[in-house]
Amino acid sequence: MVRLTNRLGAAVLVGLLVSSVLAGCAGEGKSPPDQNAPVAFSDMPANPPSEEATVAPSPSLSAVESMGAAPSRRASPSPTPKPKKKPTRTAPKPLAVAKPPTETLVPPAPPKPAPSSCKPTYRGTQAAQAEAKAALTDAAARSYWPVSAPDIKIPLGLLKATAWQESGWQSNIYACDGGVGLMQVMPNTATWMNQRFEQSYQIDDYRDNAFLGATYLAWATKYIGDMYFESDFRLDPALCGAELNSCLLNAVIAAYNAGHGAVAQEGEPLAIPNPSYVRNVRALMTECVCLGY
């Protein structure tokens with residue numbers, strides 16, 4: 001019994017020594033390799049987040065991004081919206097037959113063409129190209145119907161082209177049919193327009209000559225626009241179709257050469273009696289060397 005007791009005491013002593021060693025290891029925060037995890041209390045989360053996990057930035061962000069800088073990876077650009085198509089301007093079609101004219105006082109009809117063998121004459125000093133350009137520019141800037149049709153404007157390109165077709169910008173030329181100067185204005189037509197618009201333009205002055213030519217174009221715009229185009233006075237090439245009688249611009253050009261009566265007649269369709277002249281002026285509106293003066 002003594003030897004058994006001694007053996008039991010020795011076993012107890014060894015157990016105490018092992019327990020003290022294990023207690024010391026636990027105090028240092030170290031666990032044996034295969035130690036089971038302690039049982040959690042019911043009032044604590046099963047997997048409490050560590051302090052390091054709550055402070056560190058998300059692993060999906062770089063260090064620069066975590067400091068508030070813009071991400072280095074650019075976001076996909078949003079698709080660029082397609083530009084909206086501009087509405088196409090509608091071209092006013094001429095009436096099948098003309099309305100009665102609002103202008104009852106009309107200029108005289110043009111004279112008969114002169115013989116082709118006749119050569120023009122020249123009087124006085126010819127204006128320089130810069131002077132002719134300035135006169136045509138001033139004439140295009142004027143409003144000829146400030147009360148009844150203030151929206152009527154004569155495009156500068158039309159004036160330049162018409163003057164080039166008529167005279168080649170020669171301000172002192174006198175044609176065999178009676179046409180004078182830059183715009184080849186007829187003396188009887190100049191007298192009528194001065195009376196109609198209460199002006200005193202001098203046909204042999206290149207500046208006044210430019211105003212006389214523009215005045216006739218403005219009058220024809222009003223006259224033909226009222227009769228065939230419901231008072232739509234736009235002289236825009238974009239409104240012209242394949243047919244020459246499809247727009248007011250072509251009709252006004254035709255009337256400048258052939259007279260208003262050959263183009264517009266009450267109860268009749270719009271006519272273009274001089275297609276070659278109209279095509280020439282239309283081409284000069286975009287191709288004339290005079291446009292660069």
Side-chain angles (χ1 to χ4, degrees), residues 107 110-111 113-114 116-145 152-194 197 199-221 234-238 240 248-259 274-293:
S116 57
S117 58
C118 180
K119 295 183 179 180
T121 59
Y122 296 87
R123 304 175 195 174
T125 303
Q126 179 174 314
Q129 290 176 350
E131 293 174 323
K133 175 184 176 180
L136 294 169
T137 301
D138 290 343
R142 178 167 294 188
S143 178
Y144 294 90
W145 297 90
I152 291 181
K153 298 292 182 183
I154 305 303
L156 179 57
L158 173 59
L159 266 181
K160 286 183 174 181
T162 304
W164 191 266
Q165 172 70 27
E166 291 289 331
S167 69
W169 282 28
Q170 299 178 88
S171 63
N172 60 340
I173 189 173
Y174 287 72
C176 295
D177 62 358
V180 177
L182 194 65
M183 299 294 294
Q184 285 294 284
V185 181
M186 297 295 173
N188 291 340
T189 303
T191 300
W192 179 87
M193 285 192 292
N194 278 331
F197 292 94
Q199 300 294 329
S200 56
Y201 296 128
Q202 299 296 318
I203 195 172
D204 55 355
D205 181 283
Y206 74 91
R207 292 173 292 263
D208 286 0
N209 194 283
F211 282 119
L212 284 167
T215 300
Y216 185 88
L217 288 170
W219 180 87
T221 299
R234 289 177 291 172
L235 299 176
D236 187 351
C240 299
L248 180 59
L249 173 62
N250 290 347
V252 169
I253 294 172
Y256 192 89
N257 172 252
N274 46 357
S276 295
Y277 181 90
V278 173
R279 290 191 180 97
N280 286 345
V281 174
R282 284 292 308 276
L284 288 171
M285 289 179 66
T286 56
E287 302 171 6
C288 182
V289 65
C290 61
L291 300 177
Y293 293 160

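None of these values were measured; they are calculated from a predicted model.
- When all heavy atoms of Trp169 and Ala132 are compared, the pair lying nearest together is CE3-CB, 3.9 Å.
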Name every donor-acceptor pair, under 3.5 Å, that has one atom in a side chain of residues 173-187 and the other anywhere in the protein, sequence neighbours excluded.
| unit_1 | atom_1 | unit_2 | atom_2 | d |
| --- | --- | --- | --- | --- |
| Asp177 | OD1 | Gly179 | N | 3.1 |
| Gln184 | NE2 | Gly181 | O | 3.1 |

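- Remark: Gln165 CD to Asn280 CG distance equals 5.0 Å, nearest 0.5 Å.
- The minimum heavy-atom distance between Ala214 and Tyr144, with the atom names listed, is CB-OH, 3.1 Å.
- Between atom CG of residue Asn172 and atom OG1 of residue Thr125 there is a gap of 7.5 Å, rounded to the nearest 0.5 Å.
- With sequence neighbours left out, Tyr206 forms a ring pair (Phe, Tyr, Trp, His ring centres under 6.0 Å) with no residue at all.
- Taking each heavy atom of Ala255 and Ala220 in turn, the nearest pair found is CB-CB, 4.4 Å.
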Test side chain to side chain contact (heavy atoms under 4.5 Å, CB included) applied to Glu131 and Arg207, step by step = CA-CA 8 Å; Glu131 293 174 323; Arg207 292 173 292 263; 6.0 Å; no
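- The distance from atom CD1 of Ile154 to atom CG of Leu217, rounded to the nearest 0.5 Å, is 5.0 Å.
- Closest non-hydrogen pair, Trp145 versus Ala218, comes out as NE1-O, 3.1 Å.
- Residues Val281 and Leu158 come closest through the heavy atom pair CG1-CD1, 4.2 Å.
- Judged by distance alone, the side chains of Gln170 and Tyr122 do bring a donor and an acceptor atom under 3.5 Å apart.
- To the nearest 0.5 Å, atom NZ of residue Lys133 and atom OH of residue Tyr293 are 11.5 Å apart.
- Under the side chain to side chain contact (heavy atoms under 4.5 Å, CB included) criterion, Gln199 pairs with Asn194, Phe197, Tyr201, sequence neighbours left out.
- Here the SG atom belonging to Cys240 is positioned 9.0 Å from the CG atom belonging to Leu235, to the nearest 0.5 angstrom.
- Expressed to the nearest 0.5 Å, how far CG of Leu156 lies from CG of Asp138 amounts to 10.0 Å.
- In this structure, Gly157 and Met285 approach most closely via the heavy-atom pair O-CG, 3.9 Å.
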